[in-house]
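Below is one structure, written out as structure tokens, with a few remarks after it.
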Amino acid sequence: MTHGPGISGLIMEEPLLWEKGKQGRTAFSMPDQDVPEATVEIDKNLLGDGPDFPDLSEVDVVRHYTRLSGWNFGIDTGMYPLGSCTMKYNPKINEKMAATPGIATSHPLLADELSQGTLQIMFELQTFLASLTGMDAVSLQPAAGAQGEMAGMLMFAAWFRKKGEKRTKILIPDTAHGTNPASAALCGFKPVLLQSGSDGTLDAKSVAELMDEETVGIMLTNPNTLGLFEQSIREITAIVHERGGLVYGDGANMNAVMGIVDFKRCGIDIMHLNLHKTFSTPHGGGGPGAGPICVVDELADFLPIPRVIKSGDKYHLQYDCPDSIGRLHAFFGNYGVLVKAYSYILSMGAENLQKASQLAVLNANYIRESLRDVLHLAYDKPCMHECVFSDKKQQEYKITTLDMAKRLIDHGYHPPTIYFPLVVPGAIMIEPTETENKDDLDQFIDVFKDIIQEARENGELLRQAPTRTKLRRLDETQAARKPCLTG
Amino acid sequence: MTHGPGISGLIMEEPLLWEKGKQGRTAFSMPDQDVPEATVEIDKNLLGDGPDFPDLSEVDVVRHYTRLSGWNFGIDTGMYPLGSCTMKYNPKINEKMAATPGIATSHPLLADELSQGTLQIMFELQTFLASLTGMDAVSLQPAAGAQGEMAGMLMFAAWFRKKGEKRTKILIPDTAHGTNPASAALCGFKPVLLQSGSDGTLDAKSVAELMDEETVGIMLTNPNTLGLFEQSIREITAIVHERGGLVYGDGANMNAVMGIVDFKRCGIDIMHLNLHKTFSTPHGGGGPGAGPICVVDELADFLPIPRVIKSGDKYHLQYDCPDSIGRLHAFFGNYGVLVKAYSYILSMGAENLQKASQLAVLNANYIRESLRDVLHLAYDKPCMHECVFSDKKQQEYKITTLDMAKRLIDHGYHPPTIYFPLVVPGAIMIEPTETENKDDLDQFIDVFKDIIQEARENGELLRQAPTRTKLRRLDETQAARKPCLTG
Amino acid sequence: MRYLPHTEKEIEAMLAVTGHGQLEELFAHIPEDCRYQGDMKLPEPLSEWALSDHFQSLAANNYSTSAKAVLLGAGSYSHYIPEMVPSLIQRSEFLTAYTPYQPEMAQGTLQGIFEYQTLTARLLGMEVANASMYDGASALAEALLMALRIAHKKHTVAISSAIHPYYREVVHTYLQAGIFNIIELPVAENGRTDLAGLKEIDDLAAVALQSPNFFGVIEDLETASREIHAAEALFITCFTEPFAYGLLRSPGISGADIVCGEGQSFGMPQSSGGPGLGMFACLKKHQRNIPGRVAGETVDIEGKRGYVLTLSTREQHIRREKATSNICSNQGICTLTAAAYMASLGATGLRRVAKLNYDKAAYLKNGLVQAGAKLLFSGPTFNEFVLTFADDFKPVRQRLLDKGIIAGLELSRFYKEYEKAYLFCVTETVARTVLDEVIEEVRS
Amino acid sequence: MRYLPHTEKEIEAMLAVTGHGQLEELFAHIPEDCRYQGDMKLPEPLSEWALSDHFQSLAANNYSTSAKAVLLGAGSYSHYIPEMVPSLIQRSEFLTAYTPYQPEMAQGTLQGIFEYQTLTARLLGMEVANASMYDGASALAEALLMALRIAHKKHTVAISSAIHPYYREVVHTYLQAGIFNIIELPVAENGRTDLAGLKEIDDLAAVALQSPNFFGVIEDLETASREIHAAEALFITCFTEPFAYGLLRSPGISGADIVCGEGQSFGMPQSSGGPGLGMFACLKKHQRNIPGRVAGETVDIEGKRGYVLTLSTREQHIRREKATSNICSNQGICTLTAAAYMASLGATGLRRVAKLNYDKAAYLKNGLVQAGAKLLFSGPTFNEFVLTFADDFKPVRQRLLDKGIIAGLELSRFYKEYEKAYLFCVTETVARTVLDEVIEEVRS
Ligand SMILES: Cc1ncc(COP(=O)(O)O)c(C=O)c1O
Ligand SMILES: Cc1ncc(COP(=O)(O)O)c(C=O)c1O
């Protein structure tokens, strides 16, 4: 039986921070009190006793987080084929660059002439992203993909407001990421569900049926969240444009098509990119991300402020944009994340980025071909950066997607994305990314096959999984029914 | 039953480096070829094909070492009460300081005026160590304690050579660390075994009996490796000096007596310090260390070269020392380690260093008192920084020191030093250091007591230990009989 | 390329399995008229070393590289970060993990978030906290949206003009598509928000104040709480400088219903304003209305304590357009950073560093007043304050700039009405010698 | 103090257990006349931040802080270190561990050392390697001592005068106490060691050469091997620049019995010369005579492959004064650094970077020769070479110094006989623009 890298070993238990500590201990190096102690000239009733934080020593804190880290799994630990998430390797040098003194220490409110380095990075990144997507103008404000979507939706609204049109609906495919309808709703649009066809992609006809004068347009993802390229994209965008609508593109899956697809040519008007996916900035256990939006010229005036412009050899922040939807972030978005993506793009160059997309797609197709005999393939079409299976074939053994996912953990793999997209019941969405090599993919495939065999022969192994982890399956129902959010 | 922090969890297996990799992969960022490729003007028969190294990608290397680190245990993981090793917490800021650009990048052969920063650190550290020990002059050359010992022994030899005396023997107590006799022998001296008394310390009388005109002197450790202060030190050094001998002090246990003992007043002529013990530089899984030697004025001329001197406000390397034993290291010893110790001393100051010694001794005495009922105490005397037990009480259950040590591993503690010093059969030498807090000591003590109870009730648990680690007990005999040192 | 592991041979072998002749064929089904034309216009790839050189030269074009002190706060603060904090939190098990969707593989992240939520709630005097918002500004916008959800019949919110101007801009952006009214409350003589007009406002769902506010002035939250609750509105407070709560009564104890703000001060470098950390806390009764992710305690099938992401029915994965917010990726690693920072400080350290901020700011404030400057507002301050200068301050400020000191922020950039006024900030990182230099320059 | 966790209360409670009234009493048994008098004279403690400032000012006093290029090698080399290497090896599980005496808790260190030994042996063409010596110099001294142990009846060793002068000094230090003779072999016209005199030497245990030697000249090891073995001596080679073996035939294939040298080039910062890494390898038949620690492969009680420190009967823990060496702490973490560095390079990368060193050095060498300098030696070189200058080079060198370039090492510092000669080193880190600047300055 093939075995993944997962084995059992010694790790350390560790209590909650406030279950340690003793009053009077300290882990902070006290700065010099080089000014006299001032008497506090604040009303007594405005003053407090300070929070009930535990007092710890430096080694207490160090052991705490060192031990906690041992219960976690990151890309550096092993393969993390989480579909729709693009968990590629995060280069160490990017971290170092973002921490460059002078870059990491810069204050956001300095005058432009005092932060030319900061602004140059932003300006060049804007240019790079425009070139990568084929679009015309870029704003780096959005702090994540969802905020990019929101910016896009606000721009839709502003566009129609300016045109004096009142439209309230928006078409969103059933395969869309949940943030799409949520962002649209936040901006006052009513999502209209667009059913994807039986082949997993959109049918221009259904768009034609639904796209009307009350509809601002469409919000679609290409390649979509099934890992499929929307082949009717040109027809769809043409229909929407014909009827006065706009097209929003969710570019979270850009990793499949760098240097391969031109989104402007596809007819996209606004799109966001997830720098924390395609451009290798680490996910940090949930964030921070960055979700810049790229638009065609016609929409540039509506972009959030500020953008960076260059005049002569100087860089400036541009605030004077009367049509702008305004500001999304207190300053320039997650600037440090932008720096890492900038560093990555400079390290890769055009050729390597295109190669990365090719290899990401190769890896996904390789897994698709290698597992299609044992797992039900949701759509039998060439896939892009990810492939979607389901647990259909395992149902007769009463084994679910969840069981297989949890068993992968014991073997040392992070499970794929499961039960998403919703259109595929029991979905198993695998996105290997380009940074996994063939040997590691082969081992993963073999282990997955073995798990499927176990499903037939010894299903309990799967239902009980994981068993090697510090904790077994957790009771999510109790957590939600009696929420305990603080200790 | 009390439980230490050790539990079982998911860790990752990982093959040897060359069991991964594929020719043509690369993990190194290739520098620009900004000069023309030169034709190699070297005889063909001097050229080779380069070594058979595996070609890996960056993520291959990253995962390799990330996974390997998961099989290891450091101070940051948990308590590491390895006697005689002073495994105290290693502050993060020291690493940062040693990596300061300009400090970490300096070339050792630059002219003095181009490396004043480098030299100032050395000069001040020399001064600090002199002040800490009470001695007069310091050399930072020795790369570790053992090299410091060797330097001392060479200075002994040089001293008597200069005096025209021919002495060949040296007194070394049976409790001495193995490096002491090895260093003495390397320098041409014949170690004469000095038996420690039944109370674990040296008897001035036995020194008086052995110290003769053929003997260069004595090499002793104070506090000694049993964690006891040599109370007859003044008498012993007086006897040795009276008979024309010199006294070498192994200062590896300095952590017990900072600001408390003056080694010059004790009659020590030369001593080394282990910066990687007392001064918190990390042990790095075996090194690098630093073993500066401190001497009294009379011996200063014999110190290794170069030393740093200050004239006016400039620092200089001093090479012109005709009596010097010469150079021990290609450059200035393990300079980066010196920087970390310097950083530590500056962070602590005199008062905190003394406090550190007090707390180190308090912690050791606390463990001694807390475990003395269940473990046989080798010597019933107040201890300094460490206390020594043995497995005498467990012998009736056929449980050895090794079994108890291995069982501690399962509980998440690094075992104490075992079977050393040799004068205590089945020795268990515990040195908690000052950076462990009372709660953690209490938990350790409780776990140790429980293990001792297990020894009585279920000895197999101990004999089979460890069971939680990636590997169980390893076959050291096979390793030595059929050595396999390369793969 | 070192990030792309495939050798030519492997690519061939894999293409044989997928049934393609070459890499390009993988994209054969993409319509020609969608294709990228030619090559992307990007610079030639840089080696790690050329990249480092490039960053050195970029950094050299930033003033902060050589500045002695930047006496600016206004939402971004210079505080000391113990080396231990980044070295722990950047451990790759934390940094390179995704959102903890598989809790068995992410207990480190999850316990870390749970601890962050708890310390945040304790700091702010609240009952529950979420696992972060993008930043202080969007947190405030989401707090207002949350209040509008809770008071679902009402459509008006009032926000103080003493709230950070950019935060207010973000609020306007977030709320622009809705059918909401935003009223800005004026500033009184003492620099506090003037709440006198509240009674006049109909349909009021919530009132938001910032304390210390943009002018550094500490609002009287308890009094405000009474007045706002009397107007049957929810009381939202926000902040840009959490260090203040080492000294001040927490917003929660003062009566706030929702508290949010920016956590950058707790261990994040300023980095031109991001990534920071939107902190967000509220009363327990509102917890199912909170936006964003939360971690909660539970047990595993063996009854062992553990943590999971919970209350996900509020989120867009499940609720889609009916979610409490569209936020998905949040500021994950920043929560761990803030928690480690708060843990490093401890109760004792937070109080002492907060006091030191107060002391240093007081030193400069008093020194400058003695040197002839005037306080614009009479209200009490923490580590920021506004001064006006009789003579033109610009040349003085330029001379200080030449010496490596940024002396305050021109307030008229944000408030046209306050001419010749400057907002100063002094934290524990500014040496007394620098403060003396500023005072001296102003005096002369 | 943040490193000292004890609260006053805890100290009291613990003293109650140990039976002491106060901390000082713990030392009551230490005789009064051994006691430290008064307080230690040390500076007042610095906070983390004051310490950082102090280091900044120290660094500012080092030329290297602002230097454009230091064209010096001579035992310490400037090579690019991929950011990945330190970030991996400084993981605290490696960095804060002790020597792996408990193998079950230290398989990471142990496998890491085993891999280091293997890559080292492969690099040097040897069969076995140890787990490191302090540095290249002491490694050479220990190699000679080892040879003397093997050839236990003989007492003479010959070392080339083209070996790094400081390495020779260390050899003299290490061997001074023994009854050994050290003969220094002269340098021939071509910069290689002149072995002609070997036949005359009696009682010869070993001969040591360095290649590339101190002058950068590549020795003809194969020929030397024949002559040395013909003299019935062991052949030791040493090196200061392991990158050379990316291009050159390995010493092992050339016939060496023991190979040692300095591994700093493989991932360690120069750090004024330490910590570096003494690499040490030999033929398998000598493995029980090797100094220092070694890791070896074995199995656990379940038959699983694992690693332990082995052959410890050679070491001082067991053999005490009969040990093969007194070395105990070695350069532990540096071995992991070197292994990770070698793994990062791979066979392909090592070869390419080595060639680039060659190319850049050749560029400067040829450029300076064309500008009028003369080669002191005719032998082939790798990335170091010696030039002499007809005119006085000192003012040129000073001008370059003012521009941030250290142009070579004055050879007369070490060899009085070579006046006006300078040893240059060029690695992959030096930009062509710098080399052109040097050539231009010499030409004009
Ligand atoms: C397809 C798609 N769209 C949008 C998003 C939302 O991006 P973010 O999490 O950065 O807000 C995601 C991320 O999960 C995604 O996969
Ligand atoms: C008492 C004593 N002396 C000497 C040494 C040798 O020091 P080093 O390992 O630094 O050579 C040690 C270290 O183990 C020791 O404990």
Side-chain angles (χ1 to χ4, degrees), chain B residues 27-28 31 34-35 38 42 48 50-51 53 55 65 68-69 71-76 102 104-106 108 114 116-117 131 143-144 146 178 181-183 185 187-188 262 283-289 326-327 330-331 334-336 349-350 352 358 365 437-438 469 471-472 479 484-487, chain D residues 5 10 18 23 36 40-42 45 58-59 61-65 88 91-93 96-97 99 104-105 107-109 118 122-123 128 134 137 169 173 177 249 269 271-275 296-298 300 306 310 316 320-321 323 326 329-330 332-333 344 346-347 349 351 359 362-363 380 428 432:
Chain B
F28 201 86
D34 61 356
V35 296
I42 304 176
F53 284 177
D55 279 356
Y65 286 99
L68 260 59
S69 75
W71 314 341
N72 245 30
F73 185 96
I75 298 165
D76 285 9
T105 50
S106 195
L114 303 181
Q116 286 292 300
S131 172
S183 299
C187 301
D262 180 321
H283 278 80
R327 180 182 279 279
F331 300 110
N334 282 329
Y335 183 77
N352 286 314
Q358 291 174 335
N365 276 283
N437 68 40
K438 179 172 179 297
T469 43
L471 296 180
R472 307 275 306 277
C484 165
L485 310 186
T486 49
Chain D
E10 286 175 315
T18 64
L23 285 173
Y36 204 98
M40 295 181 284
K41 271 192 225 77
L42 295 174
L58 287 166
N61 289 334
N62 273 354
Y63 183 79
S64 50
T65 307
L88 290 169
R91 286 179 64 83
S92 62
E93 294 89 338
T96 74
T99 306
E104 299 87 357
M105 275 187 134
Q107 283 300 304
T109 296
T118 303
R122 290 185 185 188
L123 177 79
V128 296
Y134 302 133
E169 285 187 31
T173 304
R249 184 163 300 174
S271 192
S272 296
E297 190 173 300
T298 186
D300 77 354
T310 190
Q316 68 297 126
R320 300 182 76 82
E321 74 264 26
N326 71 330
S329 287
N330 56 19
I333 203 78
S344 305
R351 197 158 187 85
D359 292 346
Y363 184 85
E428 79 283 1
R432 177 188 184 147

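Chain identifiers are assigned alphabetically (A, B, ...) following the order of the sequence lines, protein sequences preceding nucleic acid strands; residue numbering begins at 1 within each chain.
Of the listed residues (D/Ala59, D/Pro269, D/Ala177, D/Pro45), the greatest number of heavy-atom pairs within a distance under 4.5 Å of chain B belongs to D/Pro45. Between chain B and the residues D/Thr298, D/Thr65, D/Thr96, the most heavy-atom pairs under 4.5 angstrom are made by D/Thr96. Heavy-atom pairs under 4.5 Å with chain B were tallied for D/Ala137, D/Ala323, D/Ala347; the largest tally goes to D/Ala347. Contact tally against chain D (heavy-atom pairs below 4.5 Å) for B/Gly326, B/Gly50, B/Gly74: the top residue is B/Gly74. Interface check for chain B: of the options D/Lys41, D/Glu10, D/Gln316, the most heavy-atom pairs under 4.5 Å are formed by D/Gln316. Most heavy-atom pairs under 4.5 Å with chain B: of the set D/Gly108, D/Gly296, D/Ser272, D/Ser329, this distinction falls to D/Ser272. Highest contact tally toward chain D, considering only B/Leu68, B/Leu485, B/Thr105, is held by B/Leu485 [criterion: heavy-atom pairs under 4.5 Å]. Of the listed residues (B/Pro181, B/Ala27, B/Gly349), the one with the most heavy-atom contacts under 4.5 Å to chain D is B/Pro181.
Residues meeting the ring pair (Phe, Tyr, Trp, His ring centres under 6.0 Å) test with B/Phe331, sequence neighbours left out: D/His164. Contacts of D/Asp300 classified as salt bridge (charged side-chain N to carboxylate O under 4.0 Å, His left out), with partners at least two apart in sequence or in another chain: none.
In this structure a side-chain-to-backbone donor-acceptor pair under 3.5 Å is present from B/Asn72 to D/Glu93.
The contact between D/Thr310 and chain B is made entirely by side chain atoms (from C-beta outward), counting heavy-atom distances below 4.5 Å. Proximity to chain B (any heavy atom under 4.5 Å) is restricted, for D/Arg351, to the side chain, taken from C-beta onward. Heavy-atom distances place both the backbone and the side chain of D/Arg320 under 4.5 Å from chain B. In this structure, the portion of D/Leu88 lying under 4.5 Å from any heavy atom of chain B is its side chain and not its backbone.
Here the closest heavy-atom approach between residue B/Ala185 and residue D/Glu321 is recorded as CB-O, 3.4 Å. The shortest heavy-atom contact between B/Ala144 and D/Tyr134 is CB-CE2, 3.5 Å.
Between B/Ser131 and D/Tyr36 the shortest side-chain heavy-atom distance falls below 4.5 Å.
With 3.5 Å as the limit, one finds a donor-acceptor pair spanning the side chains of B/Asp76 and D/Ser92. No donor-acceptor contact under 3.5 angstrom links the side chains of B/Tyr65 and D/Arg91, judged on distance only.
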